[in-house]
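Inspection log for the structure reproduced underneath, given as structure tokens.
Everything numeric in this text was worked out from a predicted model, so none of it was measured. Note on naming: letters A, B, ... go to the chains in the order of the sequence lines (proteins, then strands), and numbering restarts at 1 for each one. These values consider heavy atoms only, across backbone and side chains, with no hydrogens, waters or symmetry-generated copies.
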Protein chains: 2
Amino acid sequence: MRRQTVTIKHVAAEAGVSLQTVSRVINKEPHVRPAVLERVEAAVAKLGYVPSLAARRMGGSRSYLILALNDRDRTIEGWQSDGGTDWVDQMLLGGMLKCAEHGYRMIFELVDTHAAHVEREISAAISSLHPDGIILTPPHGDNPVITDLLTRLRVPFARIGSAGEGAGFSIAMDEAAAAAAATDHLVQLGHSRIGFVTGSDEYALSVTRLEGWRRAMAAAGLAAGDDLVRHGDFTFRSGAAAAETLVSGPQPVTAIVASNDQMALAALHVAQDRGLAVPGDLSIISFDDTPITRFSVPPLTAIAQPIAAMASRAAELLIEARGQPAETAEASVLPFRLVARASTGPVRADG
Amino acid sequence: MRRQTVTIKHVAAEAGVSLQTVSRVINKEPHVRPAVLERVEAAVAKLGYVPSLAARRMGGSRSYLILALNDRDRTIEGWQSDGGTDWVDQMLLGGMLKCAEHGYRMIFELVDTHAAHVEREISAAISSLHPDGIILTPPHGDNPVITDLLTRLRVPFARIGSAGEGAGFSIAMDEAAAAAAATDHLVQLGHSRIGFVTGSDEYALSVTRLEGWRRAMAAAGLAAGDDLVRHGDFTFRSGAAAAETLVSGPQPVTAIVASNDQMALAALHVAQDRGLAVPGDLSIISFDDTPITRFSVPPLTAIAQPIAAMASRAAELLIEARGQPAETAEASVLPFRLVARASTGPVRADG
DNA sequence: TTGAAAGCGCTAACAA
DNA sequence: TTGTTAGCGCTTTCAA
């Protein structure tokens with residue numbers, strides 16, 4: 001025997017107080033006598049009252065909704081590919097659970113960044129949902145069209161994986177340090193000719209990672225010329241092309257730092273095709289640490305991004321912002337991990 | 001300080017008509033003169049008007065929200081495990097995109113099925129969101145506590161992977177046929193002692209798959225005694241235990257049908273530990289076809305579930321239902337695929 | 001074919 | 001510390 005819908009009115013009647021008092025109680029506002037608070041809470045429990053999100057949004061200023069914006073093409077491609085990604089899963093793990101803790105919901109939304117109508121798409125989502133905050137995933141946080149729009153609309157937002165100053169909360173790992181750590185890992189293993197495959201230029205972190213590699217090479221007193229750098233775009237194909245040229249020629253590299261797992265996997269294939277042993281002849285280390293790193297042969301050593309932690313932090317900051325863009329956009333830097341697996345090893349004595 | 005928003009009022013003023021007329025236009029209702037319709041649409045386009053979901057829910061009966069209910073523990077475990085799942089991703093792929101097509105949103109929600117408060121958790125989500133429909137994922141569709149609750153609350157729901165008659169739309173693949181196909185695949189390869197590892201009893205499909213195996217064995221004129229059946233619960237550990245006993249003893253099996261990938265992977269490990277070649281000494285076939293099947297060594301032959309298609313169909317049916325539980329709960333049966341990889345092969349001559 | 005009025009369930013601003 | 005009064009932006013009667 002279930003009621004049709006229990007509203008704040010029913011609770012007020014049951015507790016013998018006004019609507020406003022009930023509202024205060026469910027919003028944990030001060031200025032409610034303990035005795036009254038108790039009565040209202042009892043009524044809420046008895047009737048199984050849960051406030052309607054839609055009504056709260058209508059009356060007040062908050063919607064209790066956080067919007068997570070992801071790149072449509074890339075996400076769908078990931079879902080349809082055989083490889084499996086866990087970017088989305090980790091986002092949900094971190095973001096959804098944090099939202100749930102605070103009575104918020106996270107709505108996952110795909111937007112087509114490349115189309116001329118990014119602004120329209122995002123504006124529409126905002127008009128429709130009136131989210132209290134927006135989580136921007138790479139490379140959206142680096143897209144001024146988007147960040148400017150959100151600033152103008154005064155919707156608080158968090159940029160995941162975007163370290164720039166700018167508006168909105170910046171939540172990222174230290175990409176340069178991570179690339180340096182990856183490079184250093186190889187240096188420690190005795191490598192001196194360490195190639196680097198960049199990610200797409202669209203991502204600011206692509207440049208930052210390259211800088212990290214340069215820094216580590218310099219610190220180790222190694223040459224870091226352009227002959228060791230290849231431009232990739234995160235795709236398998238670009239990784240393969242990059243690896244091809246790095247391992248051929250008069251001065252082949254003995255190790256490669258790839259800016260993501262797909263490109264590292266491509267390097268692995270190239271090595272196999274050429275009869276190069278991994279890590280015997282070629283060490284490979286990558287960024288992201290998606291599931292494929294664990295199942296490739298050999299498993300890939302990789303830099304793991306704290307995606308869940310970043311999403312969680314983003315949600316937290318946005319919820320704290322209570323719908324108002326923060327004046328002081330703080331930057332959170334979360335720790336990365338270097339997961340050593342079997343694709344990296346000591347350089348050959350005859351290297 | 002409220003955020004500037006274009007409302008139906010502005011559109012009405014711009015087009016010189018009443019609110020109702022605008023409402024009719026955006027809801028594609030009849031009885032609007034073409035000329036007026038055009039004027040309103042022009043105003044909508046000019047002002048960039050997008051109706052507010054919250055307001056639509058408040059005024060009318062629909063919320064434009066579809067709730068996807070997933071098992072909390074299992075989902076979080078999948079996210080946290082190293083393996084990577086793609087159940088959630090495929091759900092989003094199918095469900096979200098279909099919802100988006102119709103101006104709906106899909107909200108992904110985790111519920112703790114095992115706790116005594118399932119009813120409270122689900123009732124709360126419904127009270128809060130007033131979804132127009134709910135997608136139940138396994139094993140929720142087989143849980144009478146949940147299906148009865150939703151029936152009582154008159155919220156339309158779709159059961160994914162649940163074939164029973166009952167209330168709500170049933171959307172599933174033919175589990176028995178799939179298990180039979182998997183078994184048959186092995187029979188064709190010359191196997192006669194084919195073991196079967198079941199899934200958790202909590203899932204109705206566990207029983208159905210077992211029946212499919214029995215059917216195929218019988219059809220092939222093979223013995224299908226209980227000595228060939230082991231009870232698993234979808235975990236790696238249970239799969240390992242099951243495989244252990246199937247490959248040992250006086251009459252070891254030459255092939256195993258495992259009810260999910262994790263258990264198949266466990267069987268693979270058991271084979272390796274015992275020095276059994278796969279598929280030379282032991283063929284393994286599994287259900288689900290998550291990413292791990294593609295990266296294990298050898299890659300696993302598996303039955304792929306049409307998860308995205310099922311989620312898409314579920315969303316479609318619920319949207320069509322327009323918030324009213326359908327009288328005739330139709331059942332959709334979607335096709336599965338057998339993906340042949342390297343873990344199954346001909347039985348040894350001396351087998 | 002159109003429009004006017006009455007809410008939906010809640011919160012913000014103000015009174016008491 | 002509590003209650004009262006307006007709306008929020010839409011859809012749903014119902015009337016014209």
Shortest non-hydrogen separation from Val40(B) to Ala15(B) and the atoms involved:
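It is CA-CB, 4.0 Å.
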Exercise. Taking all non-hydrogen atoms of both residues, which atom of Pro325(A) and which atom of Arg154(A) are closest, and how far apart?
Worked result: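 Between these two residues, the closest heavy atoms are CG-O, 3.4 Å.
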Would you kindly give the [atom1]-to-[atom2] distance between [X] and [N], to the nearest whole Å?
X	N	atom1	atom2	answer
Asn27(B)	dG9(D)	CG	C1'	13 Å
His10(B)	dC8(D)	NE2	P	10 Å
Ile8(B)	dG7(C)	CD1	P	19 Å
Arg39(B)	dT2(C)	CZ	C1'	12 Å
Tyr49(A)	dG9(C)	OH	P	10 Å
His31(A)	dT2(D)	NE2	P	11 Å
Leu129(B)	dC8(C)	CG	P	21 Å
Arg62(B)	dT11(D)	CZ	C1'	11 Å

Check: Heavy atoms under 4.0 Å, any strand shown: does Tyr64(A) hit a base, just sugar-phosphate, or nothing?
Finding: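 Nothing: the residue Tyr64(A), judged by heavy atoms under 4.0 Å, touches no strand.
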Using a cut-off of 4.0 Å on non-hydrogen atoms, how would the nucleic acid contact of Gly59(B) be classed: base, sugar-phosphate, or nothing?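 Since a base atom lies under 4.0 Å of Gly59(B), the category is base.
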[N] OP1/OP2 closer than 4.0 Å to side-chain N/O of [X]:
X	N	answer
Ser61(B)	dT12(D)	yes
Arg33(B)	dT2(C)	yes
Ser52(A)	dG9(C)	no
Thr7(B)	dG9(D)	no

Open item on the list: Under a plain distance cut-off of 3.5 Å, with no hydrogens placed, do Arg313(B) and Ser332(B) share a side-chain donor-acceptor pair?
Closed with: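 Yes, side-chain donor-acceptor contact under 3.5 Å.
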Test item: side-chain donor near acceptor, Arg24(A) and His31(A), under 3.5 Å:
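No, His31(A) and Arg24(A) have no side-chain donor paired with an acceptor closer than 3.5 Å.
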To the side chain of [X], which of [options] is closest?
X	options	value
Lys9(A)	dG9(D), dC10(C), dC8(C)	dC8(C)
Ser23(B)	dA4(C), dT1(C), dT12(D)	dT12(D)
Gln20(B)	dG9(C), dT4(D), dA4(C)	dA4(C)
Glu29(A)	dA12(C), dG9(D), dT11(C)	dA12(C)
Pro51(A)	dC8(D), dC10(C), dC10(D)	dC10(C)
Thr21(A)	dG3(C), dG3(D), dC10(C)	dG3(D)

Pairwise 5' ranking along DNA chain C for Pro30(B) and Ala55(B), keeping only the more 5' one:
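That would be Pro30(B).
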Subject >> Nearest-0.5 Å distance, OG1 of residue Thr75(A) to CD of residue Glu109(A) >> reply: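 These two atoms lie 11.5 Å from each other.
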Arg39(A) bridged to Glu14(A) by N-O distance under 4.0 Å: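 No salt bridge links Arg39(A) with Glu14(A).
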Q) Pick the nucleotide of DNA chain D nearest each of Arg24(B) and Arg56(B); which residue has the one closer to the 5' end? A)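 Its nearest nucleotide being more 5', the pick is Arg56(B).
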### Task
Could you tell me whether the side chain of Arg57(B) has a donor or acceptor atom within less than 3.5 Å of a complementary atom in the base of dG9(C)?
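Checked by distance alone, the answer is no.
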